[in-house]
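It should be emphasised that the depicted structure is a prediction, and the values quoted were computed from it without experimental measurement.
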Amino acid sequence: MAAERRATGRGSSGPGPRPARVYDRLKDAIITGTLRPLERITENKVAADFGLSRTPVREALQRLEVEGLIQVVPKRGSFVSRPTVEDILEIYQIRTPLEATCARVAAERIEEDQLALLDRLVRVEQGRGPGRAPDRSLRAAAQFHAVIYGCSRNRRMAALLMDLQNQVHRVRVLWPSTVARLTDTWSEHARIVAALRARDGAEAERLMVEHMERARLSTLNRILPSTGI
């Protein structure tokens with residue numbers, strides 16, 4: 001099946017995508033691994049599958065190139081990029097202080113229903129133990145962090161963090177997390193929730209920085225053996 005056709009989801013029910021959604025659909029296909037690294041994406045084929053002119057497709061590809069999700073090779077075309085160690089280092093350099101800020105602010109602003117949701121996520125995932133499904137656990141972890149982002153009441157920061165988290169998720173799809181790391185992840189999440197419940201902003205911030213550093217090292221360890229670095 002062609003890369004472009006998999007990206008559009010041709011064959012699903014509902015109306016065809018509008019021009020503004022070309023970018024979203026292509027980005028989602030890259031983030032989730034439907035479009036794999038080094039796969040070629042051509043304007044003509046994407047435009048045909050979406051039933052659009054080449055202009056919105058070209059604009060979408062340009063945006064994805066700026067974000068580092070697509071690489072344009074002169075005289076050859078556009079290809080899905082392959083995440084690198086440098087990408088992960090850059091992402092966590094930005095993500096870590098912002099996540100820490102969100103955790104500190106959340107300790108002051110989090111509401112009981114939000115704490116209850118975090119508690120439930122931790123309880124369910126810790127209860128799964130070694131038999132947990134990595135994909136499901138990663139989605140739950142994304143939800144965990146999204147709740148904390150929401151407590152910041154800063155839409156721009158929350159949107160940026162969600163985008164950075166999606167890019168990390170792409171790496172984890174390509175190089176899956178170990179069950180051992182997922183077990184540690186939810187133990188770390190449990191400690192963060194305890195700090196939030198105690199309204200201890202400094203401790204929540206410290207624990208989040210520690211959590212991000214461990215996540216960064218784990219993510220790098222997934223990539224390094226395959227790159228030969």
Side-chain angles (χ1 to χ4, degrees), residues 1-12 14 16-95 133-139 141-142 145-146 159-178 181 215-229:
M1 182 178 293
E4 295 84 358
R5 194 168 297 276
R6 297 205 309 277
T8 62
R10 178 65 64 88
S12 60
R18 297 179 179 179
R21 294 188 60 195
V22 177
Y23 162 81
D24 292 329
R25 295 285 289 275
L26 287 173
K27 182 173 182 177
D28 182 70
I30 294 171
I31 293 297
T32 60
T34 303
L35 293 181
R36 307 291 292 181
L38 307 182
E39 283 198 54
R40 189 172 185 228
I41 303 178
T42 61
E43 290 181 16
N44 287 338
K45 289 183 179 180
V46 173
D49 281 343
F50 276 103
L52 300 170
S53 69
R54 292 175 57 187
T55 299
V57 176
R58 185 179 304 116
E59 292 172 354
L61 293 179
Q62 288 172 347
R63 288 181 64 185
L64 293 169
E65 181 185 11
V66 170
E67 294 179 14
L69 296 176
I70 282 180
Q71 180 181 6
V72 177
V73 180
K75 298 182 180 180
R76 291 189 58 198
S78 299
F79 299 82
V80 177
S81 66
R82 179 182 175 88
T84 66
V85 169
E86 288 74 20
D87 292 331
I88 296 303
L89 292 174
E90 287 183 3
I91 288 169
Y92 276 96
Q93 186 178 43
I94 300 169
R95 188 182 176 194
D135 286 349
R136 179 190 298 168
S137 189
L138 288 173
R139 287 194 298 271
H145 284 273
L160 175 57
L161 282 169
M162 287 300 297
D163 183 64
L164 293 173
Q165 187 179 86
N166 283 337
Q167 294 188 48
V168 172
H169 180 77
R170 179 187 178 214
V171 175
R172 289 171 178 162
V173 168
L174 298 172
W175 295 282
S177 297
T178 63
R181 174 55 200 160
R216 181 183 70 87
L217 291 174
S218 175
T219 304
L220 288 174
N221 285 339
R222 303 276 73 74
I223 296 178
L224 290 172
S226 64
T227 59
I229 295 177

For H145, the ring pair (Phe, Tyr, Trp, His ring centres under 6.0 Å) test, sequence neighbours excluded, returns H189, H211

How long is the straight-line distance from [atom2] of [Y] back to [atom1] of [X], given to the nearest 0.5 Å?
X    : Y    : atom1 : atom2 : value
Q93  : L164 : CD    : CG    : 11.5 Å
F79  : T42  : CZ    : OG1   : 10.0 Å
I30  : R36  : CD1   : CZ    : 12.0 Å
L220 : Y92  : CG    : OH    : 8.5 Å
R172 : S218 : CZ    : OG    : 7.0 Å
Q71  : I41  : CD    : CD1   : 12.0 Å

Would you please name every residue forming a side chain to side chain donor-acceptor pair (under 3.5 Å) with [X], sequence neighbours left out?
X    : answer
N166 : none
T55  : none
Q62  : none

*asked:* Applying side chain to side chain donor-acceptor pair (under 3.5 Å) to T84 and D87, what does each step give before you reach the verdict?
replied: CA-CA 5 Å; T84 66; D87 292 331; 3.2 Å; yes

- Task: Decide whether a cation-pi geometry holds between R63 and Y23; the criteria are a distance under 6.0 Å from NZ or CZ to the six-membered ring centre and an angle within 45° of the ring axis.
- Result: yes

Residues at least two apart in sequence or cross-chain that pass salt bridge (Lys or Arg N to Asp or Glu O under 4.0 Å) with R58, listed by chain then number, are E43

Would you find a donor on one side and an acceptor on the other, under 3.5 Å apart, between the side chain of R40 and the backbone of R76? yes

Please report the shortest heavy-atom distance between [X] and [Y], naming the atom on each side.
X    : Y    : value
G68  : S81  : O-OG, 2.6 Å
H169 : I31  : CD2-O, 4.1 Å
A215 : R181 : N-NH2, 3.7 Å
S53  : A47  : O-CB, 3.8 Å
L89  : R216 : CD2-NH1, 3.4 Å

Hits for side chain to side chain contact (heavy atoms under 4.5 Å, CB included) against S78, two or more places apart or cross-chain, chain-then-number order -> L61, I70, V72

*More than 12 non-hydrogen atoms from neighbouring residues, nucleotides or ligands closer than 6.0 Å to CZ on R54, yes or no?*
yes

**Note: D163-K27 ion pair, threshold 4.0 Å (strictly below)** = yes

